[in-house]
Amino acid sequence: LPGVLLIILLGTSLCSANAQSRSAADSLLTQLESAKEDSNKVLLLLDIGREYENEQPVLSKDYYRQARELSQKIGYDRGILKFAANYTYLLNMEGKFDSSLALNLQAVELAFKIKDTEYQGKSLINTGASYNYLGEYEKAIEYYQRGRIYFDGGDNIETEGQINDLLQVLNYQLGKYDSGIAYGRRA
């Protein structure tokens with residue numbers, strides 16, 4: 001009986017979470033109907049895309065592409081960077097690492113062009129992830145190290161720890177044990 005009760009509780013909470021997600025998406029879609037063609041609409045499209053990422057990734061990609069197109073139309077470079085960060089997540093989930101890498105490299109270039117330090121760090125880390133997925137560990141380390149400096153100190157302790165952990169693992173995989181240990185101690 002306790003096992004049956006646990007299954008019922010889990011099922012109920014999963015249904016509740018799915019209903020909440022649908023209502024959040026429905027609310028965002030309602031807002032979209034009257035949204036003006038501006039940066040707020042780009043952010044709204046990205047939010048809608050995130051709502052569908054796990055359940056309906058094809059639909060999610062469509063909203064992300066709409067966000068990119070509107071960003072290009074209105075000259076909202078940060079929207080293009082946000083598009084890349086979200087879209088490459090889905091490409092990675094699909095195993096399209098080459099496509100993800102190409103888009104991440106474009107994001108790095110744009111972030112430096114517009115001097116957006118937040119997205120310089122994020123796009124460098126995302127590019128490192130692309131190289132990591134492709135098994136190009138030396139390049140992954142290079143990009144993770146370049147991106148890591150943007151997250152050192154301050155209130156980025158968790159992100160900094162995750163990056164150091166990734167660098168630890170990559171260095172171990174390459175037989176660079178002393179570097180791996182050093183990053184592990186920082187993680």
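The shown structure was predicted, so the numbers you read here are calculated from the model rather than taken from an experiment. In what follows, every heavy atom counts, from backbone to side chain, and hydrogens, waters and symmetry copies are set aside.
Of the possible donor and acceptor atoms, one in the side chain of Ser71 sits under 3.5 Å from a partner among the backbone N and O of Ala67. Under a 3.5 Å cut-off, the side chain of Ser27 and the backbone N or O of Ser23 do not form any donor-acceptor pair.
Here salt bridge (Lys or Arg N to Asp or Glu O under 4.0 Å) pairs that include residues 150-171, with residues two or more places apart or in two chains, are Arg148-Asp152. For the side chain to side chain donor-acceptor pair (under 3.5 Å) condition, the pairs that include at least one residue of residues 92-103, sequence neighbours left out, are Lys61-Glu94, Asn92-Ser100, Glu94-Lys96, Ser100-Asn104, Ser100-Ser130.
Here the closest heavy-atom approach between residue Leu170 and residue Ala140 is recorded as CD1-CB, 3.8 Å. Here the closest heavy-atom approach between residue Leu44 and residue Ala35 is recorded as CD2-CB, 4.1 Å. Of all non-hydrogen atoms in Ser60 and Leu90, the two that sit nearest each other are OG-CD1, 3.4 Å.
When the side-chain hydrogen bond (donor to acceptor under 3.5 Å, both in side chains) test is applied to Arg146, no partner is found at least two apart in sequence or on another chain. Applying the salt bridge (charged side-chain N to carboxylate O under 4.0 Å, His left out) test to Arg50 and every residue at least two apart in sequence or in another chain returns Asp47. With sequence neighbours left out, the side-chain contact (heavy atoms from CB on, under 4.5 Å) criterion links Glu33 to no other residue.
Looking at Thr127 and Tyr131, their side chains come closer than 4.5 Å, going by heavy atoms from C-beta outward. The side-chain heavy atoms of Phe83 and Leu103, taken from C-beta on, include a pair separated by under 4.5 Å. For the pair Lys82 and Leu43, the minimum side-chain heavy-atom distance is below 4.5 Å. Val42 is listed as a side-chain neighbour of Ile74, based on a closest heavy-atom distance under 4.5 Å. Side-chain atoms of Leu101 and Leu134, non-hydrogen and from C-beta on, do get closer than 4.5 Å to each other.
With rounding to the nearest 0.5 angstrom, the CD1 atom of Ile125 is 10.5 Å from the OH atom of Tyr150. Taking CG of Asn126 as the reference point, atom CG of Leu105 lies at 11.0 Å (rounded to 0.5 Å).
Hydrophobic clustering, with ILVMFWY side chains joined whenever heavy atoms are under 4.5 angstrom apart, groups Leu70 together with Leu29. Cluster membership check: Tyr64 does not share its hydrophobic cluster with Ile80, using side-chain heavy-atom separations under 4.5 Å among Ile, Leu, Val, Met, Phe, Trp and Tyr. Linking Ile, Leu, Val, Met, Phe, Trp and Tyr residues whenever their side-chain heavy atoms come within less than 4.5 Å places Leu28 and Tyr63 in a single cluster. Ile157 and Tyr144 fall into different hydrophobic clusters, where Ile, Leu, Val, Met, Phe, Trp and Tyr side chains are chained together by heavy-atom contacts under 4.5 Å. Residues Ile163 and Tyr89 fall into different hydrophobic clusters, defined by Ile, Leu, Val, Met, Phe, Trp and Tyr side chains chained together at heavy-atom separations under 4.5 Å.
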For this session: Begin from the C-alpha positions of Lys122 and Glu118 and carry the test side-chain contact (heavy atoms from CB on, under 4.5 Å) through to its verdict.
Result: CA-CA 6 Å; Lys122 287 180 178 183; Glu118 178 184 353; 2.7 Å; yes
For this session: Report the C-alpha separation of Leu91 and Phe97 in whole Å, then their side-chain angles, then the decisive distance to 0.1 Å, and conclude whether the side-chain contact (heavy atoms from CB on, under 4.5 Å) test is met.
Result: CA-CA 7 Å; Leu91 291 173; Phe97 305 127; over 6 Å; no
Problem set entry | side-chain contact (heavy atoms from CB on, under 4.5 Å) assessment of Arg68 paired with Gln72 | CA-CA 6 Å; Arg68 177 190 58 195; Gln72 290 169 333; 3.9 Å; yes
Exercise. Step by step, would you call Asp116 with Asp77 a side-chain contact (heavy atoms from CB on, under 4.5 Å)?
Worked result: CA-CA 10 Å; Asp116 186 321; Asp77 290 332; over 6 Å; no
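Side chain to side chain, Tyr143 and Glu136 fail the donor-acceptor criterion of an N or O pair below 3.5 Å. For the residue pair Gln66/Asp62, the side-chain donor-acceptor check at 3.5 Å is satisfied.
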Which donor-acceptor pairs under 3.5 Å do side chains of residues 172-186 form with protein atoms, sequence neighbours excluded?
unit_1 : atom_1 : unit_2 : atom_2 : d
Lys176 : NZ     : Glu138 : OE1    : 3.1
Lys176 : NZ     : Glu138 : OE2    : 3.1
Tyr183 : OH     : Gln145 : NE2    : 2.6

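A salt bridge links Lys41 with Glu37; the closest basic N to acidic carboxylate O contact falls under 4.0 Å.
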